[in-house]
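These notes concern the structure reproduced below.
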Amino acid sequence: MLISAPIRAPTWISRRRLLEEKLSDLHKWTNLKHVKQVHAQIYKANLFQDLYVAPKLISAFSLCHQMVLAVSVFNQIQEPNVHLYNTLIRAHVHNSQPSQAFATFFQMLSDGVSPDNFTYPFLVKACSGESWFPMVQMVHAHVEKFGFFSDIFVPNSLIDSYSKCGFVGVNAARKLFMVMGERDIVSWNSMIGGLVKAGVVGEARKLFDEMPERDAVSWNTILDGYVKAEEMKMAFELFEKMPERNVVSWSTMVLGYCKVGDMDMARMLFDKMPVKNLVTWTIIISGYAKKGLTKEAIGLYDRMEKAGLKSDDGAVISILAACAESGLLGLGEKVHASINRTKFKCSTLVSNALVDMYAKCGSLDKAYSVFNGMARRDVVSWNAMLQGLGMHGHGEEALQLFSRMKQDGFVPDKVTFIGVLCACTHAGFVEEGRQYFYAMERDYRIVPEVEHYGCMIDLLGRGGHLKEAFRLVRSMPMEPNAIIWGTLLGACRMHNAVDLAGEVVDHLVKLEPSDPGNFSLLSNIYAAAGDWDSVSKLRLQMRRTGIQKPSGASSIEVNDEVHEFTVLDKSHPRSDKIYQMINRLVQDLKEVGYVPKAYQ
DNA sequence: ATAGGGTTAG
């Protein structure tokens, strides 16, 4: 009878040990089904209060983006320790829930648990973006009060987070960097990275030259600085000088040449680089797509898939955004098909990119079908759909979508209103547009920015309310930019307001003195008013200043190839046949009553 | 600590 007790104990211990062994890497699991299974086992074994098991389970749920489950695990623990709090804070940060991370931090303080060296870096990571600057400052103040600067990891992460808070942040990072008693290579790299993000390469370079020692990251960071500034000559010089070049260095160079539009150079480096990864492929495919080179982009996309590389969300979003920018429906559909092949559901971010791509490419049906099938929409999904409808002339439908959005409980943001005003413009709803413009500040507390004024001025101008449009420009709280004046100029041309146009052009030439589009717009206005004297003066001025207006080109995608053509284009080998066809079409049109508009 | 990433007026 005495033996029965000792026998029971080992069973329990061995079960725990078994579980422990099984759970040693639980915090790295990414398969939700497996995590849920083990969660159930932990419950059965009554181990959910275990301070060894619980943090691992929270981490696993966090990796699977199951924050509700992660929090519920946390709430089971009666007396959480620092480690558990840190784990939950990190989980919130990982799932882009900075406010929850801070809520956990405050709960930790009110529970009387002291933060440690690990708490602050996690917390600091939670504050990124302009609005979080005060939060970084707050964490900074806490750290100074409790003296956690002993661990260099803490000030380093403060520098990194400050750098992500815009211009003010970089100043704060600089200050902190200056007073740091001890700096390691990460402190230097973070500071240089911050300056690069703020766009001050010169200062970054000075610091780079001052560094006591440099590693691959230092070199890549400064290289990225030149690439961001589009100074490819400097970048190339540095690239040649680097002691060692890794994938990141090569990819940064390829990105740089894509940015300045030099696809030959980009491709040469891409072909030459010894190791390529998913990011590299994404960069070059997006580069080709942005330039409208469908054939190359599709070819490389196929090659990438054949090489066995699987796109992640980042790759897909990046390529889809490039397709949206230049209207490559073909490649966009291909990417969509390969997503469907590999995934049952896609994330909100990916779906948004798909909606935007289809909408911008004019495939509104497909945009709708992705939009309607989304499990979780956010404000961006609605904005993309709304903008797509407005852009293609479905003003009424766009405004209906806007009310549906509000019914569904989504709060419109400043981008929503750009879509709404734009939809009003394309549908000619002047009065509705005015109402929305005033409602936006009054009911939604969204202060109109220069973009909103731009929409409004376009709406009024097109509607023939030129005087009102001018009044609005003068009453704007900010300086009107070239787009504002350009919008007004377009309206003047539309309504043959020659005298008003002269005033507009004075402003425009000051802001964009070398933009040929402005001159040709003005020239058209004079021509429409029959003022040929002014037209010839303008032409003379253009010739003197060496401004040449590139002719506007249209493009069409046929068999995955983009064809570009201009007015009076004779470059095609079968030009004769093409013009024969056009003439026949014009003839047919005239027969049904079409009167062509001649500009000359 | 370094490379790609959704919505923004003519």
Side-chain angles (χ1 to χ4, degrees), chain A residues 153 156-157 159-160 163 184-194 196-197 215-225 227-228 246-256 258-259 276-287 311-322 324 347-357 359-360 378-388 390-391 412-422 425 448-459 461-462 481-491 493 508 512 515 517-518 521:
Chain A
F153 194 41
N156 280 354
S157 49
I159 289 183
D160 184 46
S163 306
D184 65 1
I185 200 156
V186 178
S187 333
W188 285 89
N189 287 345
S190 302
M191 193 61 237
I192 294 173
V196 162
K197 271 194 209 91
D215 63 2
V217 176
S218 329
W219 283 91
N220 287 340
T221 305
I222 194 73
L223 187 71
D224 182 47
V227 162
K228 280 207 167 68
N246 59 21
V247 212
V248 177
S249 336
W250 284 91
S251 302
T252 305
M253 286 306 284
V254 173
L255 173 73
C258 287
K259 269 182 123 165
K276 306 176 194 23
N277 63 17
L278 181 62
V279 178
T280 325
W281 283 92
T282 308
I283 290 170
I284 191 112
I285 293 169
S286 306
S311 338
D312 61 4
D313 281 12
V316 164
I317 290 165
S318 176
I319 297 170
L320 287 175
S347 69
T348 305
L349 252 69
V350 170
S351 299
N352 287 347
L354 278 169
V355 171
D356 180 50
M357 184 275 297
K360 286 229 171 77
D378 63 8
V379 70
V380 178
S381 332
W382 290 91
N383 288 350
M385 196 61 229
L386 195 130
Q387 198 219 341
M391 199 181 194
D413 65 2
K414 54 183 189 176
V415 181
T416 315
F417 278 99
I418 290 171
V420 168
L421 293 174
C422 201
T425 302
E449 290 174 15
V450 67
E451 290 88 347
H452 300 100
Y453 281 98
C455 293
M456 215 38 218
I457 288 157
D458 193 28
L459 175 69
R462 278 177 202 266
N481 59 19
I483 295 177
I484 297 280
W485 292 119
T487 308
L488 267 179
L489 188 61
R493 186 179 72 138
L508 209 45
E512 283 185 336
D515 186 58
N518 297 334
L521 255 173

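These values consider heavy atoms only, across backbone and side chains, with no hydrogens, waters or symmetry-generated copies. Lettering of chains follows the sequences in order, A, B, ..., and the numbering in each one begins at 1.
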- line: Counting primed atoms, P, OP1 and OP2 as sugar-phosphate and everything else as base, the B/S/- map of nucleotides 3-9 of chain B against protein heavy atoms under 4.0 Å is BBBBBBB
Does [X] reach the side chain of [Y], with side-chain heavy atoms less than 4.5 Å apart?
{"X": "A:Asp215", "Y": "A:Asn189", "result": "yes"}
{"X": "A:Ser381", "Y": "A:Thr348", "result": "yes"}
{"X": "A:Asn156", "Y": "A:Asp160", "result": "no"}

Side-chain donor-acceptor pairs under 3.5 Å in residues 412-419 of chain A, sequence neighbours left out?
{"from": "A:Asp413", "atom 1": "OD1", "to": "A:Asn383", "atom 2": "ND2", "distance (Å)": "3.1"}
{"from": "A:Asp413", "atom 1": "OD1", "to": "A:Val415", "atom 2": "N", "distance (Å)": "3.1"}
{"from": "A:Asp413", "atom 1": "OD1", "to": "A:Thr416", "atom 2": "N", "distance (Å)": "3.0"}
{"from": "A:Asp413", "atom 1": "OD1", "to": "A:Thr416", "atom 2": "OG1", "distance (Å)": "2.8"}
{"from": "A:Lys414", "atom 1": "NZ", "to": "A:Glu449", "atom 2": "OE2", "distance (Å)": "3.3"}
{"from": "A:Thr416", "atom 1": "OG1", "to": "A:Asn383", "atom 2": "OD1", "distance (Å)": "2.7"}
{"from": "A:Thr416", "atom 1": "OG1", "to": "A:Asp413", "atom 2": "N", "distance (Å)": "2.9"}
{"from": "A:Thr416", "atom 1": "OG1", "to": "A:Asp413", "atom 2": "O", "distance (Å)": "3.4"}

- request: Could you pull out the closest heavy-atom pair between A:Thr252 and A:Asp224, with the gap in Å?
  value: CG2-CA, 3.8 Å
